[in-house]
Amino acid sequence: MVLSQSEPGSGTPELAARPGFWYAGRMNLPTEVVEMLGQTLAKVAPVTIALALVFSVLAHFWACNPGRPWWRKRELVTDVCYWFLVPLFARVFRIGLLVLGAALVFGIRDADELIAFYDNGHGPLSRLPLWLQAILFLVAADFMMYWLHRMFHGGGFWKYHAIHHSSEDVDWISAARFHPVNLLLGTIGVDVVLLMAGISPGVMLWLGPFNIFHSAFVHANLNWTLGPFKYVVATPVFHRWHHTSRQEGGDTNFAGTFPLWDILFGTFRMPKGTLPDQYGVDDRSSFPREIIGQLAYPFRK
C-alpha cells in the first residue's frame, strides 16, 4: 500500500465478514484466527501465481536490470514471508481499528450495529455513487500516503521504512516488504480514516485488484516509463528511482499512484536516458536479511 502501499490480498469489506473476531466472548478466538489465516492464504495464493507469471514474462523482454530473475533473488524467502503474512496482519488490524474507532468516536459497541454502520458506509459520502466514492478514496488516500511516505523518510520514522528499502533486488515480490509499524501508520491508518469518514467498504472491491496489481507493477523489474503518461501514473522506472540511494533519487518519487503530487511539491525525478541500477539502504552490509531480524531492527536502533 508504496504504491499505493497496498498489501497483497487486501481489498474486501472484511469488517462485515468477520466482526466476531473482535467479540471473543461470542466466538472461539483461536478458531477465528486459524480460519482467517486460511481465507487470507486462499486469496493470496492464486493472485501470487498470476503476478509471478505475468511479471516473469514481461521482465524477460523488458527488464530494467537484466540478470538474476526474481525467483533467484537474494532474500527471496524473506519476501515470500512478507507477501503472505502482511495481508493477514493488515486484515486483523484494519478490522480492529475500525471497531475501536466506531466505539470511541461514534459510541457503537454492538456487533450488529457495527456491521450496519460500516456495511454501506455512512453520512454524506455514502450517498455518492460508488464509482465516485472509489475515485475520492483513491485520490485522497494517495495524497495522504504521499505525505506519510515523506514523513517515513525522516527522523525516527525512517528505521521502520528502511525495511521496505532494504531489498537490493527490487522486483514485484518486494512490494509487500513493510514493517508492521509502517503499515499501521500508513496504508492501514489511511484506509481506516477514509472508511470512518463514511466511504463504503464496497469501494475496496473495486480498488483492491487495481492496488495489488499496481503495487507489484511499480516494483517489477521493467524498463517502462510509459512515455508522456509518466506524469499521470506511477511506473516501474519512476518507483525504482525511489529505491536507489538518497544521493541518486531515494528521496524523490514518493507518490504511490499519481506522480502529480511529486510534480506539485518538487520531488519528481525521471532523468532522461538513464535507468536506475543500484538499490538498498546505505548500511546494507549490517542490515538483517531475514524477516525476524528485520522486524526487530527498528527497536534495536
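Just so it is clear, the structure is predicted and the values come from calculations on it, not from any experiment. Side chains included, hydrogens not; waters and symmetry mates left out as well; all remaining heavy atoms used.
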Do [X] and [Y] land in one hydrophobic cluster if side-chain heavy atoms of ILVMFWY residues count as linked below 4.5 Å?
X	Y	value
Leu98	Val193	no
Val170	Phe152	no
Phe254	Tyr160	yes
Leu194	Trp131	yes
Val57	Trp71	yes

Please tell me if the side chains of [X] and [Y] come closer than 4.5 Å, counting only heavy atoms from C-beta onward.
X	Y	value
Ile163	Asn182	no
Leu130	Val203	yes
Leu97	Leu184	yes
Ser126	Asn120	no
Asp262	Phe238	yes
Phe143	Phe258	no

Closest non-hydrogen atom pair, [X] against [Y]:
X	Y	answer
Lys73	Ile173	CD-CG2, 3.8 Å
Ala216	Leu51	CB-CD1, 4.1 Å
Ala234	Phe217	O-CE2, 4.0 Å
Ser174	Asp79	OG-OD2, 4.0 Å
Thr244	Trp241	OG1-O, 2.6 Å
Pro201	Gly121	CD-N, 3.9 Å

Inter-residue atom distance [X].[atom1] - [Y].[atom2], 0.5 Å rounding:
X	Y	atom1	atom2	answer
Phe229	Thr235	CZ	OG1	12.5 Å
Phe55	Leu222	CZ	CG	6.5 Å
Leu148	Thr187	CG	OG1	9.0 Å
Lys43	Thr48	NZ	OG1	13.5 Å
Leu85	Ile291	CG	CD1	5.5 Å
Met145	Met151	CE	CE	9.0 Å

- Task: Verify whether one side chain among Ser166 and Arg177 offers a donor that lies under 3.5 Å from an acceptor in the other.
- Result: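 Judged by distance alone, the side chains do pair up.
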So, do [X] and [Y] have ring centers that fall under 6.0 Å from each other?
X	Y	result
His153	His242	yes
His179	Tyr297	no
Phe265	Tyr146	yes
Trp172	His219	no
Phe106	His122	yes

- Message: Out of the candidates Val232, Val139, Asp142, Val218, only one should pair with Thr257 under the side chain to side chain contact (heavy atoms under 4.5 Å, CB included) rule; please name it.
- Response: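 Among Val232, Val139, Asp142, Val218, the one that satisfies the side chain to side chain contact (heavy atoms under 4.5 Å, CB included) with Thr257 is Asp142.
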Quick check against the 3.5 Å criterion: does [X] have a side-chain atom that pairs as donor or acceptor with the backbone of [Y]?
X	Y	answer
Gln133	Ile199	no
Asn253	His239	no
Asn221	Asp171	no
Ser56	Leu53	no
Arg269	Glu248	yes

- Task: For residues 223-234, pull every pair meeting side chain to side chain donor-acceptor pair (under 3.5 Å), keeping only residues two or more places apart or in separate chains.
- Result: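 Sorted pair list comes back empty.
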- Task: With sequence neighbours left out, write down each residue that passes salt bridge (Lys or Arg N to Asp or Glu O under 4.0 Å) with Arg74, or none if nothing qualifies.
- Result: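 In terms of salt bridge (Lys or Arg N to Asp or Glu O under 4.0 Å), with neighbours along the sequence ignored, Arg74 is linked to Glu168, Asp169.
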Name every donor-acceptor pair, under 3.5 Å, that has one atom in a side chain of residues 271-281 and the other anywhere in the protein, sequence neighbours excluded.
{"unit_1": "Tyr279", "atom_1": "OH", "unit_2": "Asn65", "atom_2": "OD1", "d": "2.6"}
{"unit_1": "Tyr279", "atom_1": "OH", "unit_2": "Arg240", "atom_2": "NE", "d": "3.1"}
{"unit_1": "Tyr279", "atom_1": "OH", "unit_2": "Arg240", "atom_2": "NH2", "d": "3.4"}
{"unit_1": "Tyr279", "atom_1": "OH", "unit_2": "Pro276", "atom_2": "O", "d": "3.0"}

- Task: Would you check, one step at a time, whether the test side-chain contact (heavy atoms from CB on, under 4.5 Å) holds for Arg300 with Lys159?
- Result: CA-CA 10 Å; Arg300 294 190 283 106; Lys159 60 187 179 182; over 6 Å; no
- Message: Can you confirm whether Phe157 is buried at CZ, in the sense that more than 12 heavy atoms of other residues, nucleotides or ligands lie under 6.0 Å from that atom?
- Response: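 Check fails, neighbour count at 12 or below.
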- Item | side chain to side chain donor-acceptor pair (under 3.5 Å) against Gln294, all qualifying residues, sequence neighbours excluded |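 Testing Gln294 for side chain to side chain donor-acceptor pair (under 3.5 Å), a comparison that skips the adjacent residues, returns Tyr82.
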- Item | side-chain contact (heavy atoms from CB on, under 4.5 Å) assessment of His243 paired with His164 | CA-CA 9 Å; His243 276 269; His164 184 65; 3.4 Å; yes
- Not counting sequence neighbours, list each pair that qualifies as a salt bridge (Lys or Arg N to Asp or Glu O under 4.0 Å) and has a residue in residues 47-56.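 Qualifying pairs, neighbours excluded: none.
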- Task: With side-chain contact (heavy atoms from CB on, under 4.5 Å) as the test, would you mind laying out the steps for Ile188 and Phe89 before giving the verdict?
- Result: CA-CA 10 Å; Ile188 298 172; Phe89 172 87; 3.9 Å; yes
- Who else is in Leu104's hydrophobic cluster (ILVMFWY, side-chain heavy atoms under 4.5 Å, direct or via others)?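 Via sub-4.5 Å side-chain contacts, Leu104 links to Leu100.
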- Message: Could you go through Asp282 and Ser245, starting from their C-alpha distance and side-chain angles, then the distance that decides it, and tell me whether this counts as side-chain contact (heavy atoms from CB on, under 4.5 Å)?
- Response: CA-CA 7 Å; Asp282 293 338; Ser245 68; 4.1 Å; yes
